Amino acid sequence: MKAYVLFGRDEIWKMFQSAYIGVQKYFRHSPWYHEADMRTGTATYWQLTSLQAFWPGLQVLVGDIEAANSSHREFFKVWKKYGVLPERYLLDHQVLHPTEKYYPLRPELAESTFYLYQATKDPWYMEVGESIMNSLNAHTRVKGGFASIRDVTTMQLEDHQHSFFLAETCKYLYLLFDDSFLLNKNYIFTTEGHPLPVRSNWHEKLPKAYNLSNGSSIKTGKQRKRSSAMSLQICPASMIHHEPNARRLESACHIPDTGADHRCFSDDDCGVDANTCRRRSCSLAGYCGLWSLI
């Protein structure tokens, strides 16, 4: 997805989109995303790993803000339960993994919090960031730095601090509270937290409606509004011309119902709604829809 924003090549977007739809179809369970068998799509491990906390941030770039908010809140609930985010948490039993109880100062939750605040400007995310900082100061701060936690149930520390704590965790928390570095600029952060400028002259081909450049702007009527990769909230899928006769996907999270007439025998015959990114369900009358919202 980040390569698509940087270079604007349709084939890169299609690679990402097919993978994203696969995740929505086979990995998603309400706000959670479990692990699945790569050959069959069958659920394998119902567990949260701390590295998965990057996912809401990626969903922000796709434009699925509601889905990003939903999954981010579940991660933060686990953070509040233990004071930090454990390396592995068993979703089906709502307990810690028996052997992976550590927290090595990972940045992914802070990263997604930063992205969601940039996209929504909701002050709640500032409160999340403050909670993360308070936990780090209370449980991991030692003379000369911050130490990884060996066991989140006892807060026993280890004698090391990973380099990504400074490069990513501290960086995203700093930018959450002071984003002046980003004003009137447009960057994509790499997996390791390095900012790369988004420049239009890097793009081989990019629809005008999704034209991102360093310090980009978009037209809204007669006004021009400055924007960025994090705040645009536009799903590129709706702007790409697909092959003739191909079934058009309205958004990156959209999964069509099995039947073109939307008839169903079970929830498995229903897809994911294009506008809300919510899973559709089968009604007693045998039709797919967002019946839980009525």
Side-chain angles (χ1 to χ4, degrees), residues 1 4 13-48 52-78 90-92 94 112 115-116 119-120 122 209-210 232-294:
M1 179 62 198
Y4 173 71
W13 166 254
K14 291 176 182 178
M15 289 169 60
F16 171 79
Q17 185 188 41
S18 63
Y20 192 78
I21 290 175
V23 170
Q24 296 293 329
K25 184 175 183 180
Y26 297 110
F27 289 58
R28 187 174 182 176
H29 181 73
S30 298
W32 291 109
Y33 292 83
H34 56 70
E35 297 180 18
D37 187 286
M38 66 180 294
R39 296 174 294 274
T40 65
T42 303
T44 53
Y45 299 107
W46 292 75
Q47 60 186 9
L48 169 155
Q52 293 173 359
F54 88 96
W55 182 251
L58 180 64
Q59 290 182 301
V60 169
L61 291 181
V62 179
D64 290 345
I65 307 300
E66 185 174 351
N69 172 68
S70 179
S71 55
H72 175 272
R73 286 177 182 265
E74 296 302 319
F75 280 107
F76 187 54
K77 285 179 183 178
V78 178
L90 304 180
L91 299 174
D92 47 354
Q94 297 289 297
S112 288
Y115 274 89
L116 275 160
T120 66
D122 186 337
Y210 196 70
L232 212 67
Q233 297 187 39
I234 293 176
C235 180
S238 64
M239 301 172 186
I240 294 177
H241 299 291
H242 297 274
E243 294 80 11
N245 302 321
R247 191 167 187 178
R248 185 179 181 83
L249 299 178
E250 288 85 350
S251 75
C253 66
H254 180 226
I255 300 173
D257 299 331
T258 300
D261 58 357
H262 308 294
R263 294 299 302 267
C264 57
F265 293 99
S266 69
D267 290 347
D268 292 337
D269 296 328
C270 302
V272 175
D273 184 72
N275 297 317
T276 65
C277 293
R278 293 182 183 274
R279 183 80 192 189
R280 292 156 64 82
S281 59
C282 189
S283 69
L284 293 176
Y287 285 92
C288 293
L290 297 176
W291 308 117
S292 61
L293 300 180
I294 296 177

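Please read all numbers here as calculations on a predicted model, not as lab measurements. Along the sequence shown, the residues carry numbers beginning at 1.
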*Hey, are the side chains of F16 and L61 touching, using non-hydrogen atoms and a 4.5 Å cut-off?*
no
*asked:* Looking at Y45, I want to see if its OH is surrounded by more than 12 non-hydrogen atoms of other residues, nucleotides or ligands under 6.0 Å.
replied: no
*Under 4.5 Å between any side-chain heavy atoms of Y33 and W55, yes or no?*
yes
*Where T258 and D268 come nearest, the two heavy atoms and their spacing*: OG1-O, 4.1 Å
*Considering only the SG atoms, does C264 lie under 2.5 Å from C282?*
yes
*Search all heavy atoms of C288 against all heavy atoms of D269 and return the closest pair with its distance.*
SG-O, 3.8 Å
*asked:* Is any side-chain heavy atom of I21 closer than 4.5 Å to one of Q17?
replied: yes
*Hey, could you give me the CG/CD distance between L91 and E35, rounded to the nearest 0.5 Å?*
9.5 Å
*Report the relative orientation of the aromatic rings in F75 and W32; use parallel for angles under 30°, tilted for 30 to 60°, perpendicular for over 60°.*
perpendicular
_Plane angle bin for H72 and F76 - parallel if under 30°, tilted between 30 and 60°, otherwise perpendicular_ = parallel
*asked:* Measuring only between side-chain heavy atoms, which start at C-beta, is D122 closer than 4.5 Å to L116?
replied: no
_Side chain S112, main chain A53, donor-acceptor under 3.5 Å_ = yes
*Taking everything shown except Y26 itself, do over 12 heavy atoms lie less than 6.0 Å from its OH?*
no
_With side chain to side chain contact (heavy atoms under 4.5 Å, CB included) as the criterion, how do H29 and W46 come out once you've worked through the C-alpha distance, each side chain's angles and the decisive distance to 0.1 Å?_
CA-CA 10 Å; H29 181 73; W46 292 75; 3.4 Å; yes
*With a 3.5 Å cut-off and no angle check, do the side chains of Q59 and Y115 form a donor-acceptor pair?*
no
*Scan for salt bridge (Lys or Arg N to Asp or Glu O under 4.0 Å) pairs involving residues 39-48, sequence neighbours excluded, and state none if there are none.*
D37-R39
